[in-house]
Amino acid sequence: MKSNMMTVMKKELRRFFTDRRMVLTTLLMPGLMIYLLYSLMGQGFASQSSDSEDFKAKIQVMSLSDNMRFWLDQDSLPVEFTEISGEQEKEKALEALGNQDSEYHLVVCFPENFDQLITEYEVSSGLPAPMVEVYYNSSNTDSQSAYRIVTELLNSYESAMANKFDVNVGGEYDLASEEDISAQVFSMMVPMLMMAFLFSGCMAIAPESIAGEKERGTIATLLVTPLKRSHLAMGKVISLSIIAILSGLSSFLGMMLSLPKLMGDGELINANVYGMQDYLMLLLVILSTVLVIVALVSIVSAFAKNVKEATGWVTPIMIVSMLLGVTSMVESLCKTEPVWFFIPLYNSVQCMNAIFSLNTDMVNIAVTVAANICYAGIGVVVLTKMFDSEKVMFSK
Amino acid sequence: MKELLQVRDLKKTFKISAKQQKIQKTKEKVKVAVNHLTFTAYQGEVFGLLGSNGAGKTTTLRMMASLITPDEGDVLVDGTSVAKDPAKVRSKIGFLTSELKLEEFFTPNYLFDFFAELHGVEKGTAEKRKQKLFDKFQISEFAEVKVANLSTGMKQKVSLVISIVHDPDIIIFDEPTNGLDVLTAKVVTDFLLELKAQGKTIVVSTHIFSLIEKICDRVGIIIDGSMAVCDTLENLTKDKSLEEKFFDIYAERAGESYEK
């Protein structure tokens with residue numbers, strides 16, 4: 001009878017692996033979809049940024065001074081300009097810009113004798129400074145981009161007029177190594193995503209396996225056999241954990257391979273900065289986390305009368321776990337004292353954060369894994385009691 | 001004769017929720033489903049539990065099968081108490097009710113092997129038994145067809161076969177021919193007679209008089225959770241048909257008259 005737990009496990013795994021649709025949607029699709037989605041998003045961002053590099057602001061300028069003309073004429077500036085003169089031309093240009101009929105993105109109006117005005121202007125005089133008017137149309141993205149470029153140029157021109165010091169001219173000043181950049185990106189993003197992937201993997205199978213069996217009446221068929229309730233609970237939790245881990249690994253692989261593409265710099269950010277020990281630690285944390293999540297989802301599913309109700313109850317728990325995942329992004333919420341690592345799910349997020357930051361603390365990982373195994377054990381005991389409870393199993 | 005199944009002073013109550021109180025138009029918070037029920041089934045006999053819907057038949061059978069716990073009383077299955085050792089009781093009985101469903105994703109072949117393993121039946125023995133039962137119920141040609149694709153009658157046959165996968169001496173069947181076509185119902189009835197001939201002890205609950213008359217040695221009539229009459233079929237049908245007798249007892253107990 002000791003092998004009954006294995007018999008239940010084999011049945012659960014057979015149920016899953018012989019259902020092509022389940023295998024496709026739970027194991028293959030998550031990893032593939034994440035890889036494709038992140039890669040395409042990365043490509044999109046990259047092409048947007050290269051588009052913006054080629055972009056030139058086409059502007060109409062009124063009362064352009066000699067100095068400004070000389071400055072704007074530089075080939076290196078992303079600006080093409082045409083001069084206009086007189087109030088009538090200005091009105092016409094503004095109307096066309098307002099109606100989006102203009103081939104120009106901006107209308108820039110300098111005061112008459114701009115060069116002389118700024119040479120004579122004393123900041124200490126308290127008088128209003130000469131003002132440059134930059135008209136744009138915020139409903140047009142090109143006009144917005146042109147506005148950003150031109151105001152930046154004018155601000156830098158303004159700074160150049162009273163240049164007292166420079167900051168970071170030439171040279172390499174970012175001291176972060178490739179390893180540090182990868183570690184920072186992965187440690188911020190992966191824990192939250194990983195929690196979501198593990199939870200969604202469990203949600204795809206646990207409610208169906210437990211609440212589904214209740215709903216269809218097949219659990220009662222199992223309960224009239226000599227099968228011990230504890231064996232049934234453990235068989236279910238372990239087999240569901242195996243499937244959830246495989247589903248989580250599929251998502252993990254998809255994410256690790258595509259995240260550098262999403263961040264737009266495949267050479268600077270890559271997962272090679274982590275060694276075998278880091279991955280082993282990660283696997284330990286993920287294994288213990290999956291046990292906790294499966295136990296939690298299984299208990300909720302056993303309470304529910306049907307799959308729909310179970311899924312409805314599990315969703316808020318998943319949201320909470322994702323919120324806990326966000327703690328990896330907020331430094332003040334990242335605790336390092338071992339006592340914090342007794343908090344289920346939070347401990348997993350923080351351990352993953354530490355591993356990906358290359359700041360692994362063995363004590364905290366040991367506390368997390370031990371605590372998670374204990375919680376999963378408690379979950380199995382609760383589930384066993386629930387399988388033994390006629391109120392829970394046969395309530396309608 | 002050996003008392004193989006002893007039901008002693010069994011009582012079971014269920015709480016009635018506020019919603020159910022409204023539907024049933026009652027202020028009672030508790031429903032007594034089974035009220036101090038006592039009867040015995042002897043080795044090799046077929047005992048029939050007869051009663052209307054909601055009389056407490058299924059609840060009684062569920063307590064006998066250790067699926068639910070009695071509030072009071074006990075059931076001794078070949079000397080083993082359901083309250084004290086439910087797992088041992090489960091290994092001694094075969095239980096079939098329409099509420100027990102098979103996983104539709106699996107085939108009869110796999111399900112037989114799965115339940116045989118849970119009951120600890122040795123592989124060779126299970127294989128021989130499967131062959132015999134599948135042939136008897138014409139399941140063999142559907143052995144590799146998923147349960148979802150089987151007809152209702154075939155599903156019931158598979159359920160029956162799986163409930164006795166471990167060749168139990170005590171078999172409890174709740175409405176075994178309910179919802180079956182006449183041909184399948186006959187196959188099931190004949191099989192119950194065959195089991196009886198093999199010396200198995202069978203408890204059957206039903207509201208079909210003809211089934212009781214065909215296979216039962218003794219009959220217990222349950223009304224509102226209590227045992228109204230428990231006697232041999234011979235004694236009960238001495239001067240009247242079982243159906244007439246049942247309605248007489250029912251009218252007497254419930255204080256109502258029935259048009260015959």
Side-chain angles (χ1 to χ4, degrees), chain A residues 1-23 205 208-236 239 305-307 384-396, chain B residues 12 14-15 17 19-20 58-59 61-71 80 82 85-107 110-111 113-121 123 146-148 158-159 162-166 168 171-172 174:
Chain A
M1 293 295 173
K2 274 187 180 176
S3 66
N4 275 349
M5 192 180 85
M6 285 296 288
T7 309
V8 173
M9 276 175 63
K10 278 192 282 180
K11 186 206 85 171
E12 292 295 329
L13 293 174
R14 185 189 174 95
R15 167 79 182 86
F16 179 81
F17 284 105
T18 52
D19 187 340
R20 277 186 224 151
R21 187 181 56 84
M22 288 271 268
V23 172
I205 45 167
E208 170 62 29
S209 170
I210 295 175
E213 283 224 44
K214 264 181 82 176
E215 190 179 352
R216 294 188 297 272
T218 52
I219 196 100
T221 316
L222 279 176
L223 296 176
V224 292
T225 67
L227 171 67
K228 280 186 181 173
R229 281 23 175 180
S230 56
H231 287 175
L232 177 61
M234 278 199 285
K236 289 244 177 211
S239 54
K305 291 183 180 76
N306 50 48
V307 177
T384 304
K385 296 273 176 209
M386 291 173 79
F387 283 144
D388 228 358
S389 161
E390 63 188 68
K391 258 187 197 168
V392 176
M393 285 294 110
F394 301 108
S395 64
K396 284 186 179 167
Chain B
K12 183 72 184 176
F14 292 113
K15 279 184 187 163
S17 67
K19 193 178 165 188
Q20 285 170 323
T58 300
T59 307
L61 297 193
R62 280 179 161 200
M63 286 189 279
M64 288 161 68
S66 79
L67 266 180
I68 57 176
T69 320
D71 297 339
T80 307
V82 164
D85 197 351
K88 196 173 175 188
V89 166
R90 283 181 215 125
S91 65
K92 286 183 175 184
I93 60 162
F95 182 56
L96 176 70
T97 160
S98 55
E99 286 179 14
L100 297 184
K101 301 276 179 354
L102 299 172
E103 280 209 57
E104 303 224 316
F105 186 80
F106 295 117
T107 63
Y110 175 77
L111 285 171
D113 293 343
F114 172 68
F115 282 98
E117 220 173 311
L118 287 184
H119 279 283
V121 182
K123 254 191 177 172
K146 282 183 184 174
V147 171
V158 175
S159 299
I162 279 166
S163 71
I164 52 168
V165 73
H166 53 306
I171 298 160
I172 302 167
D174 186 14

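Letters A, B, ... mirror the listed sequences (proteins, then strands); counts begin at 1.
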Distance check, rounded to the nearest 0.5 Å: [X] atom [atom1] versus [Y] atom [atom2]?
{"X": "A/L222", "Y": "B/L118", "atom1": "CG", "atom2": "CG", "answer": "6.5 Å"}
{"X": "A/E390", "Y": "B/T69", "atom1": "CD", "atom2": "OG1", "answer": "4.5 Å"}
{"X": "B/L96", "Y": "A/T221", "atom1": "CG", "atom2": "OG1", "answer": "9.0 Å"}

Proximity breakdown for B/T97 and chain A, heavy-atom pairs closer than 4.5 Å: neither
Interface moiety of B/F114 toward chain A, non-hydrogen atoms closer than 4.5 Å: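 Both parts, heavy atoms under 4.5 Å.
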So do the side chains of B/H119 and A/T225 get within less than 4.5 Å of each other, counting heavy atoms only?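 SC-SC contact between B/H119 and A/T225 confirmed.
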When you measure from the side chain of A/T7 to the backbone of B/E117, do you find a donor-acceptor pair of N or O atoms at a distance under 3.5 Å?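 Not a single qualifying donor-acceptor pair exists.
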Most chain B-contacting option - heavy-atom pairs closer than 4.5 Å, from A/K11, A/R216, A/R229: A/K11
Specify which of A/E213, A/K228, A/R14 makes the most heavy-atom pairs with chain B at under 4.5 Å.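 Among the listed options, the one with the most contacts to chain B is A/R14.
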Is it the case that B/E103 and A/T218 place a side-chain donor and acceptor less than 3.5 Å from each other? no
Side chain from CB out, backbone as N, CA, C, O: work out which of these in A/T18 comes under 4.5 Å of a heavy atom of chain B, or both, or neither.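 For A/T18, heavy atoms of backbone and side chain both lie under 4.5 Å from chain B.
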Answer with side chain, backbone, both or neither: which region of A/K10 has an atom nearer than 4.5 Å to a non-hydrogen atom of chain B?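 Contact with chain B involves both backbone and side-chain atoms of A/K10.
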As a quick check of understanding, evaluate side chain to side chain contact (heavy atoms under 4.5 Å, CB included) for B/I93 and A/V224, giving each step before the final call. CA-CA 9 Å; B/I93 60 162; A/V224 292; over 6 Å; no
